[in-house]
Structures are given as C-alpha cells and as structure tokens.
Amino acid sequence: MRGNNGCVVGICGAVLVLVSSGAWSGPVDERLVIDDEIEMTTRTQSADGHPLPEVISGWHFRTESTRALEADSFQNPGMLEVEQGEQLWNTVEGSVGKSCASCHDDAAQSMVNVGARYPKWDEITGKPINVELRINRCRVDNMGAEAYPFDKGGQKPLTAYIKHQSLGEPVKVNLAEGDMQQWWDKGQELYYSRTGQLNLSCASCHEKNNGKYIRADHLSQGNVNGFPTYRLKQGKLISLHNRFRGCIRDTRAEFPAAFSDDLMALEVYTTWRSEGLSVETPAVRQ
Amino acid sequence: MINVKRRTLLTRTAGLATAAFFGQQSAFASVDEVTAAIDAFTKGVTPDSGVITLTTPEIAENGNSVPIAVSVDSPMTEDDHVVSVMLLAEDNPNPEIATFHFTPHSGQASASTRMRLAQTQNVVAVAKMSSGAFHSASNNIKVTIGGCGG
Amino acid sequence: MASKPRIKVPKKAAVGDIITIKSLISHKMESGQRKDKEGNVIPRKIINAFSCEFNGKPVFSCDLDPAISANPYFEFKALVSEAGTFKFSWTDDDGEVIEATKDIAVA
C-alpha cells in the first residue's frame, strides 16, 4: 500500500520529503513471547487522556529478524550486559564494604516490579528520580562508592539488570506522588515543542507519523518500556537519556544534559505514555 | 526469516562480465577479490549449484547485525561430508565474512551467525565437500539506511 | 568487567541424536575500518577463531573476519555419540584464548 503523501504540518521541506516518501505499513500483527514462556504485553488500550488510541511497543515496528532476536533471550546480545549487571550487583565496592546484594539480597526476589515503577518522586531532592540516579544514591550514601558518571562504569548494565527483573510487568508511573504531576506537565510541553533546524517535536515523528517511514526507518511510537535497549546500530546497550539526546541532536538542536530537569521531565512524561506495556529490558531495536 | 530464492554463482559471474564489458569495475569494487577468494578456496574448480540452503533476511534494517544461516545436504559420514563453507560479501570493504569447518561429529552441516554488511549486496556461500566437489549459492540482501541520524 | 561467554547445550540426549548448540560472547569486534575523532584508524581487534570439540574430537570451528557482528553468535549441530564434555574456545587477535566447557549426559 502506498503511503499517505499528505503534508506534515509545519515540518520543513527537506523533512517533509523524507516522511512523505515512506509508505504506511503500520505495526506488525504478531505476539512477543520471550523464550516461548513469557507473554509480553506489546499492545494495550491507552488510558484516559492518552493522545493515542492504542499504546504499541516499538517491537512491532521492527523487521522479523530484529523481532526474533528479542524473542530469544539466549540470542539477545543485550543479555550479555544484563549478566554483567548481575556480577556488579554482587560485587563489593566502596569504603563501607557492601555490594547491592549486601542489603537487597537476590535481585530476582527483591527487584521484581521495582524498575517498572520508575521514575518515582524523590523527597530528598524534590525531583523525580530514575533507576540510574537511584543506583548512584545507594552507591554514595550506603556503599561509600563513587556515583557512576552518565553511561559510564556499571550504570547501563546495572540499570538493565534491575529493570530486567520486571520483564513482562506493566510500566506504571505514580503521578500522585509529590510534584510528579508538575513534572509530567513540563514533560508534555517539551514533547510537543518543536526544536532544532529541522523544527521537529517528539510528537512530529512518534505521535503524528508513527507507522510511516522516515527514509527507510519505520517510525515507532517512541515508547520507553525497553530501555536500556540493545541497538544493532551501536552493538551495545543504549540508555534512555542517550536516546533522548540522540533524537534531539538529529533535529539539529542543542541537546540537554543527561538527567537534567528537562530530560527527567521527558522521562516522566514518556514513561506515562508507555504505561501498560510490559517492561522489555533489554529490548532489541535497529 | 525468509529463505530468499537461491541464486547460483552465474548471477555473480554475469555481473562480472557486465562490469567488465561496460568498464564499471568501480561499482563492483571487490569482484576481483571475491573471485580470487573463491579461486583460492576451490583451487580453480568451478562450484556447482544446489545442495546449499542459504537463509538471510530479504531486508536488514541495520547492516551491523544481519543473521545468516547455511545448511548443506550431506550424509556427514567419514567418506562423504562437508568439510567447510566459506561466506563472502560481494560489496563489503573486504569480502571475507567467515569460514565454517565441519566434521562427521557435526552430524549436520548447518550453522548460523550474524554479519556486518556495508550496503545492499549479494552474499555468497561456497561449500567444499570431502569428495573434492564444490557448491555455491548466493542471496541478495537489501540493507536499509536509518532515519534522521543515518 | 567482561561477561562470561554464554553457551547453550542440552543437559541430556540419546546416543545418535543431533543436538543444537548456541554460543554468544561479548566482544566489540573492532573491524579496523573505523576511524576515531582525530581521523586515525582504530586498529583491528577481533575474535578470529572459534572452535568446539567433544571429548577431544573436533565438532565445529570457524575462522572469523571483521565482517562478523559485535558479540559473535554461533549456532551449529553436534552428533552425540557418548556422554562427555564439549570444550569451546575463542581466540582474540591479541592472542588471548577464552575457554569454556559444557557437559552432556546420555539418556
């Protein structure tokens, strides 16, 4: 079926060509069952107030061979880093002589459904906190270890290991805590704000044009339930804030720092948009 | 995964002939290298078609990781087995991908891996049999270019 | 911290069965084709060979070139003739050899 060659309002000429040259082919009608065991919710009716009628995992927008890679946890190369995260969980670091396991024991028990509920409200900083920053809090306050710099040290493997303990659990964010609703508002504003020389917002691609092609790339809804996600392009795990920055950079805009207020607000908002989808960490994407 | 229609080496040699005829070697930059690699592997014997099943996706959404599976019909006995299968990418900077080695202890001459493809191109598999015969098969894989970031 | 290679071998099989073996190892497979920010070629560093033996007999091996993806994956077959041990090895360009073993019982 040939695509809708209609105008994407407000997108500059160059990008208009890119988006309109693609054909609509939509998400595939398949089910993701990991290792023929874990049934994943990859499509779900959206909550009241959600701008899309159905929330669909990025898995549905990928080709058959990429989808197959995620469905087999042995072949999924992201699992190598998850296993590295497990080693880190059990490794003593810092002046206090503790590992994560010293307090939290077996993550397979203690971390079930934990990663699925982040970001959360943090009373100490008066801001939302995500898994990466929560790990750093523990390292500094309880282990006497140094905080991991963004994407460095064990940050990605450990975050992926913790989120992987929620594999198959639905993403849920509690907006009733603290000022989470205000951060959601700020995140929503950013999501719809056009930026960069290409004058694109998140919504330009992921809300208005998901299912279409931008060059040969099949645009997804931009859901966040699979992060950190294994990207074939880089051949390693990619964190959510790295992906945010990459997307914003591609609009040819200045991009905010990881864990900045802007990106934390965007994490709160996009996590809310992804609610109901199973945690897929580590998802496999192109 | 789609088992793309098998092609024989004829396609490739036809391409070589065309390139030579039109003087377009630049578009087939590694054809000479591919031919040389196959000749070195077969010691100049021309491979036959058949017996190889080469399985690759029709479209790869990222050239950094493209699945490839090869399976060769053979009884895999001491007297009659597949010795090795060489995989080549016609339009990569270097054509060699990998060479699989089998023995009667393999039970079946069947293996898969993941490869890097620089662009849309043909991938060739050449099998060496214990009898001294050679077979080849080839698939075309379209490698797509990503979105705004490339 | 490097992760251990991942290997999948059935725990048990009947004599005469042909089993499927899968292996995955963490490695960047630096192709030697890339350049760093200063424009210098990043030297090639790949796993250049992989092999699997069963009770000392070769089952499957592979010569790898830089066109093999990061985190090399192999899936292949083995004929089960007796109980024993599969030995796997990966050879890095720098000479390092990573080894692992898996046992199989016969039913």
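Quick note on labels: first sequence line is chain A, next is B, and so on, each numbered from 1.
Contact count versus chain C (heavy atoms, under 4.5 Å) is highest, among B:Met86, B:His101, B:Glu96, for B:His101. For chain C, the option among B:Gly63, B:Ser106, B:Gly107 with the highest count of heavy-atom pairs below 4.5 Å is B:Ser106. Interface remark: of the candidates C:Asn48, C:Ile18, C:Asp65, C:Asp65 forms the most heavy-atom pairs closer than 4.5 Å to chain B.
Heavy atoms of C:Ile68 lying under 4.5 Å from chain B belong to its backbone as well as its side chain. In this structure, chain B has heavy atoms under 4.5 Å from both the backbone and the side chain of C:Tyr73. The contact between B:Val66 and chain C is made entirely by backbone atoms, counting heavy-atom distances below 4.5 Å.
Checked by atom type and distance alone, the side chain of B:Thr120 pairs as donor or acceptor with a backbone atom of B:Val143 at under 3.5 Å. Between the side chain of C:Asp17 and the main chain of C:Ala14, a donor-acceptor pair closer than 3.5 Å is present. A donor-acceptor pair is defined here as one N or O able to donate and one able to accept, closer than 3.5 Å; no such pair exists between the side chain of B:His135 and the backbone of B:Pro47. Between the side chain of B:Gln121 and the main chain of B:Glu90, a donor-acceptor pair closer than 3.5 Å is present. Although no hydrogens or angles enter the test, the distance criterion places a donor-acceptor pair under 3.5 Å between the side chain of B:Asn139 and the main chain of B:Leu54. With hydrogens and angles ignored, the 3.5 Å screen pairs a side-chain donor or acceptor of B:Ser130 with a backbone N or O of B:His81. C:Ser69 contributes a side-chain N or O that, together with a main-chain N or O of B:Asn64, makes up a donor-acceptor pair within less than 3.5 Å.
Under the 4.5 Å side-chain criterion, counting only non-hydrogen atoms from C-beta, B:Phe100 is in contact with B:Leu87. Side-chain contact between B:Thr99 and B:Phe41 is present, with at least one heavy-atom pair separated by less than 4.5 Å. In this structure, the side chains of B:Thr42 and B:Lys128 stay at 4.5 Å or more apart for every pair of heavy atoms. Residues B:Arg114 and C:Asn71 are not in side-chain contact: their nearest non-hydrogen atoms beyond the backbone lie 4.5 Å or more apart.
Counting all heavy atoms, side chain and backbone alike, B:Asn92 lies closest to B:Ala118 at OD1-N, 2.8 Å.
Heavy-atom neighbours of chain B within the stretch residues 27-41 of chain C, taken at a separation under 4.5 angstrom, comprise C:Lys28, C:Met29, C:Ser31, C:Gln33. For residues 76-107 of chain C, the interface with chain B (any heavy-atom pair closer than 4.5 Å) comprises C:Phe76, C:Lys77, C:Ala78, C:Leu79, sorted by residue number.
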